[in-house]
Amino acid sequence: MSLNLFDKRALLFLPASNPRAIAKARESDADLVILDLEDAVKPEDKDTAREAAVAAVAEEWPMLVAIRINGVGTPWHGQDLVAVTHANVDLVVMPRVEDKEELTFVRKQSGAPVAAMIETPKGVLAAQRVAHDSVALIAGTNDLSAGLRLPAGAGRGPLQMALQSIVLAARAEGIAVFDGVYNQLDDLDGFAAEAVEGRMLGFDGKSLIHPSQIAPCHAAFAPSDSEISRAERLVSAASGGAERFEGEMIERMHVEAARRVLARAGRG
């Protein structure tokens, strides 16, 4: 089963054990809501969260809705997999993916598209193989920072190679790719700056941990007015082959990029 996620920007993660958060998410402008059974849920709440997630996805949602299951090797993975197999879910999000086979097994068992979270050094090195059977890749920057043993306050500089590797793997396989979370809930300016950086790296959107991050996420990943205007002029002027456009040499690839900008802006 395929699923096109290229037009999605804001991926809102929330604990499936929190009914108030689920209700708020349904009323939000998120493009994809991910009901989390993994890190956001205490071990003693796993069973309750699983039941709540299945009940939530059985209802109508105005956006896509996914369930993030617990990973292979955890005590809850098997029950989560059974649950999503019988749930009305748009896709499954699988954490800490390091091996294509484990993802393929989840996809076949659940019958749903699977988005893979790349959260470990081993996962980064296996990203292209994993991407081959995924509907999207999601960078798990918190776990990745821990796995790389980065000191507190190291920032995203040491992650650049890993992040670009994840983007490259997704692009090589023709699937969407999403940046990791920004942890400072009260720093929306910092969030916006990191989101812009993510777009410059080639990500299609970003993972969010609070509804307040949705609006700045949409703004950061939306084409600007100047980008849209230039794309319209370029597409209109292009006549095929290499040619001059506003002082620059353009070819087919530039026309395709311009059309992607217009499609993302809803003008394609």
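Being a predicted model, the structure only gives us computed values, none of them experimental. One-based numbering along the sequence shown.
- Criterion: ILVMFWY side-chain heavy atoms under 4.5 Å apart, direct or through other members. Under it, Val114 and Val33 are part of a common hydrophobic cluster.
- Judged by distance alone, the side chain of Asp204 and the main-chain N or O of Val177 form a donor-acceptor pair under 3.5 Å.
- Side chains of Ser224 and Glu227: a donor on one and an acceptor on the other come within 3.5 Å.
- When only modelled atom types and interatomic distance are considered, Ser17 and Asp45 share no side-chain donor-acceptor pair under 3.5 Å.
- Leu168 and Phe178 fall into different hydrophobic clusters, where Ile, Leu, Val, Met, Phe, Trp and Tyr are joined by side-chain heavy atoms under 4.5 Å apart, directly or via other members.
- At least one side-chain heavy atom of Ile214 sits less than 4.5 Å from a side-chain heavy atom of Pro211.
- Between Arg50 and Asp80, at least one side-chain nitrogen of the basic residue sits less than 4.0 Å from a carboxylate oxygen of the acidic one, meeting the salt-bridge criterion.
- If you take CZ on Phe6 and CD1 on Ile175, they are separated by 7.5 Å, rounding to the nearest 0.5 Å.
- Using a cut-off of 4.0 Å between Lys/Arg side-chain N and Asp/Glu carboxylate O, Glu60 and Arg26 are scored as not salt-bridged.
- By the 4.0 Å N-to-carboxylate-O rule, Arg68 lies close enough to Glu38 to be salt-bridged with it.
- Leu144 and Ile138 fall into different hydrophobic clusters, where Ile, Leu, Val, Met, Phe, Trp and Tyr side chains are chained together by heavy-atom contacts under 4.5 Å.
- In this structure, the side chain of Ser236 does not engage the main chain of Arg233 through any donor-acceptor pair within 3.5 Å.
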